[in-house]
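Scroll down for the structure; my scribbles are underneath it.
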Amino acid sequence: MQRSDRLARIFDAAASVGIVVPAFNIPYLPMESAVADALSEHDAFALIQVARLEVTKFESKSITTIADEYRRCADPRVAGLHLDHIPVIDEDGLNVDWEADISEALQAGYDSVMIDGSRLPLDENIAVTKQVVRMAHREGVLVEAELGSVLGHEEGPLPPYEELFASKAGFTIPDEARRFVEETEVDWLSVSIGSVHGAISPATKNQEKIQAKLDIEYLKKLREVTGIPLVLHGGSGIRQSYINDAIQNGIVKINIATDIRQPYERALAAGGSIADAQAAVSQAMRRIICDVYSIQGSASRLSSMIGEQT
Ligand code: 13P
């Protein structure tokens, strides 16, 4: 079985029983082994992922380096490898050579890739996503796209959160989502239903994240019209009751960056070593796996659901 076929079947199995697959971002290379070890220790299935901005603005080095480190330290039974946000237009408004980044990931053996055309008009987002689906599916690799906008990566302050949530600015529109999925044949869709990304600019990246809410009624409509696994970005700091409801109503993958990045950075800022910072990540991972998502043992459970011997 191709590795990405396995991943697709794991996602179907997870969706059918309401197990979430978290996806952990790696902005600093030494975080990767700490994340991989925590997944093995708790027998929890998750994705390890890197976004373009973590290569350009943090210290994950390159798309290929993250894949090499994945092969060195991760057990593929408990961890898939995903390329997060490759924007067509980045958070600073600049055009990106997305084709080069996607090609690099396909070459490096990623199981799934994300193309983010959410800053484009709908027709252009559909066109570019179709192109990536064609490139990736040829190699047996799954594709995530984004429709609507999950804010937070841009410079400068966000509008007040309660106003943003009440106005539903940037929320994914169900009719557009139906058309998007039909025309692109994308595998997973990142939807905007109230979450925001953790800030990444040097002035704001240490701030505590707002406790986002989610519009679950909206999510139910999106699930009904798309029929594919939905992805929640901005996973750090969302209020627990909303997380539980989201997982019961179509969210299969949740992206988490800030909740593991900030402990790593704080440990180093306090004069700790890389090993101390990795220990801080392990501690954060334990809380996320056991307390937030309760997915201890999910790797074995999902593996047996897809008919593997454990
Ligand atoms: P957080 O920083 O809020 O966890 O968001 C991560 C994310 O969505 C990466 O794509």
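All values derive from a computational prediction rather than experimental measurement. Counting convention: from 1, in listed order, for ligands and their atoms alike.
In summary, the aromatic rings of His233 and His153 are positioned with their centroids too far apart to meet the 6.0 Å limit. Ring centers of Trp188 and His82: under 6.0 Å apart, within the cut-off.
In terms of polar-atom proximity, His153 is not counted as a contact of ligand 1, lacking any N or O under 3.5 Å from an N or O of the ligand. On a distance-only criterion, Asn25 and ligand 1 share no N/O pair closer than 3.5 Å. Below 3.5 Å of separation, one finds no N or O of Ile256 facing any N or O of ligand 1. Considering backbone and side-chain N/O of Lys209, one or more are found under 3.5 Å from N/O of ligand 1.
Atoms CD1 and CD, from Ile86 and Glu104 in turn, are 8.5 Å apart once rounded to the nearest 0.5 Å.
For ligand 1, the atoms closer than 4.0 angstrom to any heavy atom of His233 are 8 (O), 10 (O). Counting atoms of ligand 1 from 1 in the listed order, those under 4.0 Å from a heavy atom of Asp84 are 9 (C), 10 (O).
Contact of the Phe24 side chain with the Met31 side chain is not registered, since no non-hydrogen atoms from C-beta on lie closer than 4.5 Å.
The closest protein non-hydrogen atom to atom 2 (O) of ligand 1 is Thr258 OG1, 2.5 Å.
Residues Asn206 and Glu265 come closest through the heavy atom pair OD1-OE1, 3.8 Å.
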